[in-house]
Engineer: 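I am attaching a structure below and will ask some questions about it afterwards.
Indexing begins at 1, ligand by ligand and atom by atom, following the structure's order. Below, all heavy atoms of this structure are taken into account, side chains as well, without hydrogens, waters or symmetry copies. In what follows, residues are counted from 1 in the order of the sequence shown.
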Amino acid sequence: MALADLSRTELEAELAAADEAYSAFAARGLALDITRGKPGVDQLDLSDALLTAVTGGDTRSRDGVDVRNYGGLEGLPEIREIFGELLRIPAEQLLAQGNSSLTLMHQALSFALLHGTVDGDGPWAGGPRRMLCPVPGYDRHFALAEALGFELVSVPTDEEGPVLSAVEELVAADPSIKGMWLVPMYSNPTGVSLSEERARAVLAMETAAPDFRLLWDNAYGIHHLRSPEAPMLDVLGMAQDAGRPHRVWVFASTSKITHAGAGVAFFAGSPDTIAWFTEHLGAGSIGPDKINQLRHARFFGDADGVRRHMARHAELIRPKFEIVTEKLEAGLAGAGAATWTDPDGGYFITLTVMPGTADRVVKLAGEAGVKLTPAGSTHPYGLDPDDAVIRIAPTMPTLDEVAAAAEGLAVCVRRAACEKLLAD
Ligand code: PLP
């Protein structure tokens, strides 16, 4: 029976039971962290051959370039080809760069602020600027745009991506809306993948800003957990078809493929966008770390090598996702206190609790030894108006730890819901 349908006396009994379960959970003395989407040690181990993939005396790329030396601003062709095939992007429109796609997002936005884009009417820094943020979304996207002076504007999402009517209305009316964040596949944190229809619509829509940009952050494009796999859209081809070839900036990286923070990041766009980006990039860099790029190219061999590698990741982390849903189901089914996503890929589960209880749940869990991402972090400025969304990142702890954390989390959700219902 749903907690909301219980009498006051029944609810008090429920709370007493939840309190007892919570005390038992806290007494286990856990110290678990499910805050950030970091790979587990076993996942990192999968890529350890990288550490010796380039050795002294063997430092030439396919084209005979000595990767120990300066140059090659666009990145090594072999790694651009491998990831071009996976991301469905022509290699010449895909730059391979340093270790972080977030840095590339920061650079692209900074270049637009300082110099303008390929088709706009001047530097964005000259006037007011706003960024659309589909919610729930990724806290670092919000922080990045805020740090560069964008006002953050939330837009709701559904099972196909950002709600089109809300987006269309905003971008048509307001020229200060310069762009929108988008995680097109297995989104952080909902796991939702953008439908092709929605993608075509946001690529084609009329915008008041002449150079509106979609920041297409395909961080989880090949991070499938199970079939059916979300399809990789030919986004640059679709932008071309829509008559808006420059609208999209594509980002990706190997952070959750090889070693997080020590991988290769990618940027893609129209040929003009690539020329624009490399021109400004070249003012601040002689070239990326080609040794690391060669390591990655050798380690994978080809796109199929990456696919096989990703299947090994999925084998390791799928059970962690499954145990979370199993434990939440066991602890919360029928209580009407929460819903949760069951994603087919990516790194996160979104837990939506009774409005007004997310912050309390995070506090309760933290006090019992399970650290969660602060409530609100899935929304701009850290403010979830419903205080309902919690992001769960199950990949880093061991399977047993994830099971214990999810079990405890269910207890916290139940207890917070009883407290709320009794207080209302
Ligand atoms: N984009 C999204 C959607 C992410 O979830 C993350 C990491 O969690 C990143 C980007 C970070 O990427 P990188 O390590 O390439 O900077």
Engineer: Between K256 and Y347, is NZ or CZ placed under 6.0 angstrom from the six-membered ring centre and within 45° of the ring axis?
Structural biologist: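 Cation-pi check for K256 and Y347: passes.
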Engineer: So which bit of Y220 gets within less than 4.0 Å of ligand 1, heavy atoms only: side chain, backbone, both or neither?
Structural biologist: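 Within the 4.0 Å criterion, Y220 contacts ligand 1 through side-chain atoms alone.
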Engineer: Parallel, tilted or perpendicular for H280 and F111, by the 30°/60° rule?
Structural biologist: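 Rings of H280 and F111: tilted, as their planes differ by 30° to 60°.
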Engineer: I'd like to check which ligand 1 atoms, numbered from 1 as shown, lie under 4.0 Å from a non-hydrogen atom of L102.
Structural biologist: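 It comes down to these atoms of ligand 1: 16 (O).
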Engineer: Looking only at protein heavy atoms, which one is nearest to atom 6 (C) of ligand 1, and what is the separation?
Structural biologist: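 It is Y138 OH, 3.2 Å.
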Engineer: Among all the protein's non-hydrogen atoms, which is closest to atom 16 (O) of ligand 1, and how far away is it?
Structural biologist: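 That would be S100 OG, 2.8 Å.
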Engineer: So does R28 pair up with E407, basic N to acidic O under 4.0 Å?
Structural biologist: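 Salt bridge between R28 and E407, a charged N being under 4.0 Å from a carboxylate O: yes.
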Engineer: One residue to check: S255. Relative to ligand 1, which of side chain, backbone, both or neither has a non-hydrogen atom less than 4.0 Å away?
Structural biologist: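 Just the side chain.
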Engineer: Is the shortest side-chain N to carboxylate O distance from R360 to D387 below 4.0 Å?
Structural biologist: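 No salt bridge links R360 with D387.
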Engineer: Tell me whether S101 has any N or O atom under 3.5 angstrom from an N or O of ligand 1.
Structural biologist: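 Right, the criterion is met.
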Engineer: Looking at S253, which atoms of ligand 1 are within less than 4.0 Å of one of its heavy atoms?
Structural biologist: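 That gives atoms 13 (P), 15 (O) of ligand 1.
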Engineer: Please determine if D400 and K320 form a salt bridge, counting it only when a charged side-chain N lies under 4.0 Å from a carboxylate O.
Structural biologist: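 Judged by the 4.0 Å cut-off on N to carboxylate O distance, D400 and K320 do not form a salt bridge.
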Engineer: Could you go through the ring pair (Phe, Tyr, Trp, His ring centres under 6.0 Å) check for F266 and F251 one step at a time?
Structural biologist: CA-CA 6 Å; F266 301 93; F251 304 92; over 10 Å; no
Engineer: Taking all non-hydrogen atoms of both residues into account, name the closest pair between L44 and A260 and its distance.
Structural biologist: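 So the minimum-distance heavy-atom pair works out to CD2-N, 4.1 Å.
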Engineer: Please work out, at 4.0 Å between heavy atoms, whether the side chain, the backbone, both, or neither of A265 comes within that distance of ligand 1.
Structural biologist: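 It is neither part, as no heavy atom is under 4.0 Å.
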Engineer: Is it the case that the ring center of H313 lies less than 6.0 angstrom away from the ring center of H223?
Structural biologist: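 Ring centres of H313 and H223 not closer than 6.0 Å.
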Engineer: What atoms of ligand 1 come within less than 4.0 Å of a heavy atom belonging to A219?
Structural biologist: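 In order of numbering, the contacting atoms are 1 (N), 2 (C), 3 (C).
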Engineer: Heavy atom to atom 3 (C) of ligand 1, shortest distance: which of T254, N218, D217 holds it?
Structural biologist: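 It is D217 that holds the nearest heavy atom.
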Engineer: Identify which of Q97, K256, M105 has a heavy atom lying nearest to atom 8 (O) of ligand 1.
Structural biologist: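 Residue with the shortest heavy-atom distance to the ligand atom: K256.
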Engineer: Pull out every atom of ligand 1 sitting under 4.0 Å from any heavy atom of V183, numbered as shown with elements.
Structural biologist: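 Once the distances to V183 are compared, the set is 3 (C).
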